[in-house]
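Below: the structure, in structure tokens.
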Amino acid sequence: MLLDQIHSPSDLKHLSVEQLTTLSEEIRQFLIESLAVTGGHFGSNLGVVELTLALHQIFESPKDKIIWDVGHQAYVHKILTGRKHLFPTLRKYKGMSGFPKRGESEHDMFDVGHASTSISAAVGYAVGRDMSGEDHKVVAVIGDGAMTGGMAFEALNHAGHVKTDMVVVLNDNEMSIAPNVGAISSYLTKLRVDPHYSSFKKEVSHLLHKVGGDIGDKAAKVLERAKDSFKYFMVPGILFEEFGFTYLGPIDGHDLPTLLKYLKQARNTKGPVLLHVITQKGKGYAVAADAPDKMHAVNKGFNVQPGDAPKVVKVKAAPPQYTKVFGDTLTEMAKENENIVAITAAMPSGTGLSKFADAYPKRFYDVGIAEQHAATFAAGLACAGKKPVLSLYSTFLQRAYDQTIHDICIQNLPVVFAIDRAGLVGADGETHQGAFDVSYLRIIPNMAIMMPKDENELRHMLHTAVHYDKGPIAVRYPRGEGRGVEMDTELKRLPIGKSETVRDGKDLAILAFGPIIETAERAAELLAEEGIEARVINLRFVKPLDGEMLMELAQQNMPIVTLEEGAVAGGVGSAVLEFYAQNRVTNINLFPLGLPDQFIEHGTPEELRDSVGLNVDTLVEYVKTMVPLKQKRA
Ligand SMILES: Cc1ncc(C[n+]2csc(CCOP(=O)(O)OP(=O)(O)O)c2C)c(N)n1
Ligand SMILES: CC(=O)[C@@H](O)[C@H](O)COP(=O)(O)O
Ligand SMILES: [Mg+2]
């Protein structure tokens, strides 16, 4: 296999187009077979095989800097840069990351995971190069979905201003995770289907060269003006050219000779260049090509032949995913409440809103990868008397922090934040853990924040949130399955700021926030065997806190452990400590258990919880240091 001879990009330099073609077929087969075992991002990687081969033949990584946007499509890049042997460890604890990581390879130029950062990073690399008088190329590879992120246009604007030499490769497969949305997407479609403008440019320059001489010069000026005015009427490339970029394309992103030719041209063109490349997400694997949204990422465990539908291994009926419970409940509530408007930032299926979108297409908005706009769009809807439900992953809500403060909380607008993937998400690692939302939201005045102990309570919390009219309110819930509890049909409103005692005890109190209460309940069982009676409290709200309950614990001199799957810093533990301090309660024996002050890598959520001591054993050990062991009851 040719692929076995590739250990670094330099091994590509001497290969012919035929050999590269053979290599692309071997890489596709490798990806399909490897991801069938490990799972991971699928469609996007199948779509960039030829593009990545051509990039690494034309550019000299790591001297030349290739920066991937989002980075979920960098598996081929990892194969070509000496990491093929690591694929069995893809996204596994202490294994290879699913995204480029500077610490993982000299060929990974920028840590990514959140969309739309690559052009900014590339401008930084290019300007830094220019300031140091160095001489290498800088390339950003960005998808059409990531191109809907505002930050990408901030970077285009700046690149056109500084006019630094850099290349942006726009990988346009018409897909975000779902079909791409927005005016940018339809503009790119026009570019794809209306390429005659680029042929016009070729004819004009050919004509100018043919005429030559001073007549030629005069004619050249006239034709140049004609071309400029013509381009205002023609769509292709004008948007990028007005940003100061030379627009090349659109070209077939699976045609190696064309890719090599245009990447060489882009490399040798002065100033900022944008090469528009058309690819097919999922290329080479029929099911992924036909349903690229469904196979944006795949779970492990299907034995697959290329093109076959994966034989999904039947599992016993698992508890419903929190995400599905959210989507179903919101759809149920929308029937009675026509003010509900659901908003996603390019994650309709990931947030469970596809069902809502099908049922209420006029009350569903996918704004593209544009969380900042999504938040202020929700604020505008609230001002217009609607009940916006802004559904974002915890990690992606970080993108809309100023909008949350400035546009929603200061105006105290009744926006519902449905925060999915709150807590450890696992395989996506540092860039995706939902570790910080309690800390970054709790400090904002007017914000209320709750987390259900299980999927049934999520329904009641959503109902409570939608009927809450005192301002913004957030309900956060984790990635993955619920706890398999009985589901109420009747939705009820929970009293704001009130907790619930789920187990009595007089020796200490464990205040649990969210489904991690299961850890508290299991620890309480073990402690009871040692004569320690732990009270387990389902906190429900971190803002406002249940002050009455907290004061009661203080009056009983009860040692307290707070338990959260979020950063301890600024989280639930901090909130309770602040409460006691503000109420002049000084004799508190409190241990906050949560995520430590570090970024949490990839692995399974359970492995990660164990790695930071967020588990039953650690909880039991801490409690024993806080509560003197009683004589074991006979
Ligand atoms: C800020 C942010 N929001 C949402 C996501 C989730 N996400 C990951 S990949 C993706 C779609 C990217 O589409 P595109 O850039 O076109 O890449 P493709 O998968 O088509 O190759 C989205 C929305 C993200 N990574 N970052
Ligand atoms: C790369 C990216 O940001 C998304 O594809 C993300 O990995 C989806 O996460 P979930 O698998 O939790 O929906
Ligand atoms: Mg795309």
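All values derive from a computational prediction rather than experimental measurement. In this chain, residues are counted from 1 in sequence order.
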Is the closest basic N to carboxylate O distance between E500 and R540 below 4.0 Å?
yes
So, for D293 and A178, which heavy atoms are closest and what is the spacing to 0.1 Å?
CB-CA, 4.0 Å
Identify, with sequence neighbours excluded, every residue that meets salt bridge (Lys or Arg N to Asp or Glu O under 4.0 Å) alongside K101.
E430
Write out all pairs satisfying salt bridge (charged side-chain N to carboxylate O under 4.0 Å, His left out) with one or both partners inside residues 464-473, taking only residues at least two apart or from two chains.
none
Nearest heavy-atom pair of A370 and A345: which atoms, and what distance?
N-CB, 4.0 Å
Do you know which two heavy atoms are closest between A524 and V536, and how far apart they sit?
CB-CG2, 3.8 Å
Donor on one side chain, acceptor on other, K281 and H296, under 3.5 Å:
yes
Please say which of E486, E490, E332 ends up in a salt bridge (charged side-chain N to carboxylate O under 4.0 Å, His left out) with R459.
E332
Scan residues 349-369 for pairs that pass side-chain hydrogen bond (donor to acceptor under 3.5 Å, both in side chains), counting only residues two or more places apart or in two chains.
D328-K355
Can you list every side-chain hydrogen bond (donor to acceptor under 3.5 Å, both in side chains) pair that touches residues 371-384, not counting sequence neighbours?
Q372-Q403, T376-D407
E564 vs L539, test: side-chain contact (heavy atoms from CB on, under 4.5 Å). Steps then yes/no.
CA-CA 10 Å; E564 58 195 299; L539 202 58; over 6 Å; no
Salt bridge (Lys or Arg N to Asp or Glu O under 4.0 Å) partners of E518, counting only residues at least two apart:
R483
On a heavy-atom basis, which atom in D507 and which in M558 lie closest, and how many Å separate them?
C-SD, 3.8 Å
For H41 and H72, take the angle between the two ring planes, folded into 0 to 90°, and tell me which bin it lands in: parallel under 30, tilted 30 to 60, perpendicular over 60.
perpendicular
Evaluate whether atom CG of N587 has more than 12 neighbouring non-hydrogen atoms of other residues, nucleotides or ligands under 6.0 angstrom away.
yes
Check: T618 side chain, L614 main-chain N or O, donor-acceptor pair, under 3.5 Å:
no
Can a donor-acceptor pair be found, under 3.5 Å and without considering hydrogens, that links the side chain of T431 to the backbone of G113?
no
Check: N538 side chain, T501 main-chain N or O, donor-acceptor pair, under 3.5 Å
no
Sorted by chain and residue number, the side chain to side chain contact (heavy atoms under 4.5 Å, CB included) partners of A567 (sequence neighbours excluded) come out as F436, S439
Quick note, ring pair (Phe, Tyr, Trp, His ring centres under 6.0 Å) partners involving residues 541-583, not counting sequence neighbours, are none
Salt bridge (charged side-chain N to carboxylate O under 4.0 Å, His left out) contacts in which one or both residues fall within residues 142-158, not counting sequence neighbours:
none
For the backbone of I369 and the side chain of T148, can you confirm whether one donor and one acceptor N or O come within less than 3.5 Å of each other?
yes
What's the shortest heavy-atom distance between P100 and A74, and which atoms?
CG-CB, 3.7 Å
Main-chain N/O of V576 paired to E578 side chain as donor or acceptor, under 3.5 Å:
no
More than 12 heavy atoms from other groups under 6.0 Å of OH on Y622:
no
Check ion pair E552-R535 (N to O, under 4.0 angstrom)
yes
Enumerate the residue pairs fulfilling salt bridge (charged side-chain N to carboxylate O under 4.0 Å, His left out) with a member in residues 600-611, sequence neighbours excluded, ordered by first and then second residue.
K94-E601, E565-R609
Check whether any side-chain heavy atom of F110 sits under 4.5 Å from a side-chain heavy atom of S118, and report yes or no.
no
With sequence neighbours excluded, give me every ring pair (Phe, Tyr, Trp, His ring centres under 6.0 Å) pair touching residues 328-353.
none
Using only atom types and a distance under 3.5 Å, with no angle test, would you say the side chain of T464 pairs donor to acceptor with the backbone of L494?
yes
Whether the side chain of T604 engages the backbone of G426 through a donor-acceptor N/O pair (distance < 3.5 Å, no angle test) should be reported.
no
Grab the two heavy atoms, one from L619 and one from A523, that are nearest each other, plus how far apart they are.
CD2-CB, 3.5 Å
Distance-only, no hydrogens or angles: does the E455 side chain make a donor-acceptor pair with backbone N or O of G484 under 3.5 Å?
yes
Residues pairing under ring pair (Phe, Tyr, Trp, His ring centres under 6.0 Å) where one sits in residues 473-513, two or more places apart or in two chains, turn out to be F326-Y477
Any donor-acceptor N/O pair, D454 side chain to N456 backbone, under 3.5 Å:
yes
Other residues, nucleotides and ligands only: do more than 12 of their heavy atoms fall within 6.0 Å of CD on E548?
no
Taking C-beta and beyond as the side chain, do L553 and I537 meet within less than 4.5 Å on heavy atoms?
yes
Quick note, side-chain hydrogen bond (donor to acceptor under 3.5 Å, both in side chains) partners involving residues 410-425, not counting sequence neighbours, are T323-D420, T323-R421, Y393-R421
Would you confirm whether H161, through its side chain, and N157, through its main-chain N or O, come within 3.5 Å as a donor-acceptor pair?
no
